[in-house]
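So the structure is just underneath, and the comments pick up after that.
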Amino acid sequence: EAGVAQSPRYKIIEKRQSVAFWCNPISGHATLYWYQQILGQGPKLLIQFQNNGVVDDSQLPKDRFSAERLKGVDSTLKIQPAKLEDSAVYLCASSLELAGGETQYFGPGTRLLVL
Amino acid sequence: SQKIEQNSEALNIQEGKTATLTCNYTNYSPAYLQWYRQDPGRGPVFLLLIRENEKEKRKERLKVTFDTTLKQSLFHITASQPADSATYLCALDDAGANNLFFGTGTRLTVIP
């Protein structure tokens, strides 16, 4: 079974530029998550989708971050414009369904450096 | 405020010994608690889940305990090996919600 795929793996941009990350979850997984992991910290949930609907985006800085999952499969996360403090690893995860205790399967992440 | 604290940033132990990692939480009411392993440059990998009504869970050399009165989980790796060296993250829900809150992690190094 293929795991969660993410691209690109690394990205370096200057502040005020825009950037987009892509995620392909495990086939058949209804729930998709985007996390931000700053160096030395645990992952922090940004947004959670169930199929193509948003379940929780309370931690998403909506003035600069946006995410979509148009067909209920792949997802993109965009930052526009980027700030220095957005430097982090952006992790995508998926789970089979939306239920308490569901195992989340993580992709390798995209490491973003904002200069 | 809500907090999830893992006992130390880094833990070094000798090969063959038991590693014990601690996860303490404040102002959460978790229905379950999970432990993940994260290697450098990779995403977290699920290890174990324990529910609020369970005291202990085991899987091979891993053991997790969950004390909702102390608001603490302990994660044990017995007969530790250098290959166990990684960062270990605890994660929990809040009142049965479907999203997870992660601790900052403990970086374990097993010395041969």
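A, B, ... follow the sequence lines: proteins, then strands. Residue 1 opens every chain.
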Other residues, nucleotides and ligands only: do more than 12 of their heavy atoms fall within 6.0 Å of NZ on A:K62? yes
Spacing of CG belonging to A:L45 relative to CZ belonging to B:F102, to within rounding of 0.5 Å: 9.0 Å
Just by distance, with hydrogens left out, do A:Q37 and B:Q38 show a side-chain donor and acceptor under 3.5 Å apart? yes
Could you measure the distance from the OH atom of A:Y33 to the CG atom of B:L100? Nearest 0.5 Å is fine. 7.0 Å
In sequence, state the C-alpha distance, the side-chain angles, and the governing distance for B:F101 and A:K44, and then conclude on side chain to side chain contact (heavy atoms under 4.5 Å, CB included). CA-CA 7 Å; B:F101 298 89; A:K44 183 184 87 169; over 6 Å; no
For A:L39, look at atom CG and say whether over 12 heavy atoms of other residues, nucleotides or ligands are found less than 6.0 Å away. no
Indicate if A:W34 and A:V89 have the same hydrophobic cluster label, given that clusters are the connected sets of ILVMFWY residues with side-chain heavy-atom separations under 4.5 angstrom. no
Tell me whether B:E54 at atom CD has more than 12 heavy atoms from other residues, nucleotides or ligands lying less than 6.0 Å away. yes
So which residue, B:G103, B:P44, B:G105, ends up with the most heavy-atom pairs under 4.5 Å with chain A? B:P44
Answer with yes or no whether the hydrophobic clustering places B:V110 together with B:V45; edges join I, L, V, M, F, W, Y residues whose side-chain heavy atoms lie under 4.5 Å apart. no
Nearest heavy-atom contact between A:P43 and B:L89 is CD-CD1, 4.0 Å
Can you spot which of A:I47, A:V55, A:T31, A:D56 makes a side-chain contact (heavy atoms from CB on, under 4.5 Å) with B:N99? A:D56
How many angstroms lie between CZ in B:F46 and CD in A:E102, if you round to the nearest 0.5 Å? 10.0 Å
I need the A:T103 OG1 to B:L49 CG distance, nearest 0.5 Å. 6.5 Å
So with a 6.0 Å cut-off around NZ of A:K11, is the heavy-atom count from everything else above 12? no
If hydrophobic clusters are built from ILVMFWY residues whose side chains come within less than 4.5 Å, do B:Y88 and B:L33 share one? yes
